[in-house]
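First comes the structure, then the notes that go with it.
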Amino acid sequence: MEEIRLRKLEDLKSKGINPYPYKFEITSFIGDVRKKFEKDPPRGVKVVVRGKAKRVSRTEDGYMVRLSEDNVEILVYTKEENLKPGEEYTFEGTLDRVEGKLSVVDAVLSDKTPQSIVQIKAQYDFDPNREKVSLGGRLVALRTMGKAIFGHIQDLTGKIQIYLKKDIVGEEKFSFFNDYIDLGDIIGVKGELFRTNTGELTVEVHDFELLSKCLHPLPEKWHGLKDVEVRYRQRYLDLIANPEARRTFLLRSKLISEIRRFFDERGFVEVETPILQTVASGANAKPFITYHNYLEMNLYLRIAPELYLKRLIVGGFPRVYEIGKNFRNEGVDRTHNPEFTMIEFYAAYWDYNDLIKFTEEFFTHILQRTLGTLKIRYQGTELDFTPPFRKVRYFDLLKEKTGKDKDFFLKDFEGVRNLARELEIAHYEKLTHPKLIDKIFEKVAEEDLVQPTFVIDFPKILSPLAKTHREDPDLVERFELIVATYEVANAYTELNDPADQRERFLEQIKEKEMGDEEAMDMDEDFIRALEYGMPPTAGEGIGIDRLVMLLTDTDTIRDVILFPHLRPG
RNA sequence: GAGCCGGUAGCUCAGUCGGUAGAGCAACGGCCUUUUAAGCCGUGGGUCCCGGGUUCGAUCCCCGGCCGGCUCACCA
């Protein structure tokens, strides 16, 4: 097949036609055109429609019916079985726009009095008045009908039907299309907008141009691209073939701009700190090591920006944030990619109580702006982000689950180890005391935390950069926000006493010597920075990838990272 | 790192209790000027992931490898 397309390419060149021209003037993106003449129905509008089923197609979890009333069509998505093409049916369902087309979703058979499909459509799909447009896109569907050709071109913003009529484009152009344009090619079309008999917004093409040849066949139009390996390795194909992929990554982008807007509007300054670091500190994780030829030294890819951001607080930036990648040399699974995106932010004169309120505000803003709701479905469960979120203290939760109190966990090392053994925690005999507590908490507490929950007041020995709790020297002023059993945010009142910080680092070094590979490294310059005085400060990190997973109802981090790490194929 | 599962046409999949394989879409040739998973008639297309073994014969059985998925371990 590639050979045929290559031959067409050569033919074009020999005819003096450049198959890769320099420029095509477009009047707008495809989605803009659709937006102009198509209104989205408000959320949850119920309709009853009746018509003849022109086609019944199986979808992943039901059927799609093309329902026709006097030649005007509407798509109906239903789980009803045994529907037959040619029969008349009445459906009741919710009006929605699916890939640009007005559709009735979650439809069930009904015996109510139907509304007119024509009239329903008239409310949301408008007459384009022969508006002149010039659009570019990839040809993703093609239906040639002798002296007329229908097709769809697509860009990131949407899809639109094109209509070529021999009478209109002329004999020469028409056969040029037939002879040289293939499914997958990028083309530019100029023409006038109209609606077909069935009501679909369509470009009546007056002229067109090949903008780039596609030398490979596209994935299948109906099933899309399913092979996960190909979807990740050749993400461009995923983006061409699968609307969910486009939706996910558009939402990711929207999320990140909304995050920026949220922070910018609140006086935060966006900064960039080093990714190549000489000391990998600021988190409990194993770093990647790289080598600088000129300096003849190893460098680490950052595991966290924390210590640099706090240096900026020392330097007088009152509120800073950084959105960027962190790199952790650890296992890869459904919730971990070796490089992942976080936002970390720090606010002088705040403590962790301020951050709790701020975090609730953050989620409200983000959810409203991206999804327009505070209640989202995630893997079959409704998550309610209406503030205030549940708050529970670390040791209260442990006590509830194990019956053991703080003193037990912090003072009775042997007891904790025995408990770990009872809980069948792997390698319990090799774990250090803080690690054991951490593991037990993860095992007994986290898996029940589905609704957004702040776990507050962590043990000090787990938190070397957090400030000691004002009411309890064993604890720090720290919280994690857990949603759907995984950590989404981690925050604390920052430790700003340099002497205390030095002690904590020394404690980490001891942990490292006792076999904890993830214990933090001492950062002398960071301590020196604190010696110049850091105002009371609170800081937080939020994992962007996991946030996108929540917002897009995705259970694999690889589905929200454009190019996730894979072994070379 | 361990266990389980998978890799068949460009894509989505079926199949061979061991005799080198099939559908739909895509492609190619026809017909078709409002189609839309267009339709109708016809045609071509395969390293059945790779390497070894068993066998007269392996895509299928066995062993090893590569890549992926899931679970666990490691880890945010």
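Proteins come first, then strands; the chains are lettered A, B, ... in the order of their sequence lines, and each starts at number 1.
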Would you kindly say whether A:Gln154 and A:His152 are connected by a side-chain donor-acceptor distance under 3.5 Å?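 Not at all, the side chains of A:Gln154 and A:His152 share no donor-acceptor pair under 3.5 Å.
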Please state whether the phosphate of [N], meaning OP1 or OP2, lies under 4.0 angstrom from any side-chain nitrogen or oxygen of [X].
X	N	answer
A:Arg567	B:rG68	yes
A:Arg143	B:rA38	yes
A:Lys221	B:rA26	yes
A:Arg233	B:rC67	no
A:Lys226	B:rG68	no
A:Arg66	B:rA37	yes
A:Arg558	B:rC70	yes
A:Lys54	B:rA37	no

Please work out whether the ring planes of A:Tyr394 and A:Phe441 are parallel, tilted or perpendicular, with thresholds of 30° and 60°.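 A:Tyr394 and A:Phe441: parallel rings.
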Between A:Phe288 and A:Phe327, how do the two ring planes meet: parallel, tilted or perpendicular, split at 30° and 60°?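 Correct class here is perpendicular.
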Looking for any heavy atom pair under 4.0 Å, which part of the strands does [X] touch: base, sugar-phosphate only, or nothing?
X	result
A:Glu446	base
A:Gly224	sugar-phosphate
A:Ala241	nothing

Closest to side chain of [X], choosing from [options]:
X	options	value
A:Val228	B:rC75, B:rG68, B:rU35	B:rG68
A:Asp167	B:rU33, B:rC28, B:rU35	B:rU33
A:Thr202	B:rU35, B:rC74, B:rA26	B:rU35
A:Arg334	B:rG69, B:rU71, B:rA38	B:rU71
A:Lys439	B:rC75, B:rU35, B:rC67	B:rC75
A:Thr196	B:rU35, B:rA73, B:rG68	B:rU35
A:Ser57	B:rU35, B:rA37, B:rC74	B:rA37
A:Ile4	B:rG69, B:rG24, B:rC28	B:rC28

Among [options], the one residue meeting salt bridge (charged side-chain N to carboxylate O under 4.0 Å, His left out) with [X]:
X	options	answer
A:Lys54	A:Glu88, A:Glu73, A:Glu87, A:Glu69	A:Glu73
A:Arg195	A:Glu38, A:Glu204, A:Glu200	A:Glu38
A:Lys435	A:Glu429, A:Glu518, A:Glu511	A:Glu518

Using whole Å, report how far [atom1] of [X] lies from [atom2] of [N].
X	N	atom1	atom2	answer
A:Asp333	B:rC72	CG	C1'	11 Å
A:Leu142	B:rA38	CG	C1'	11 Å
A:Gln161	B:rA37	CD	C1'	13 Å

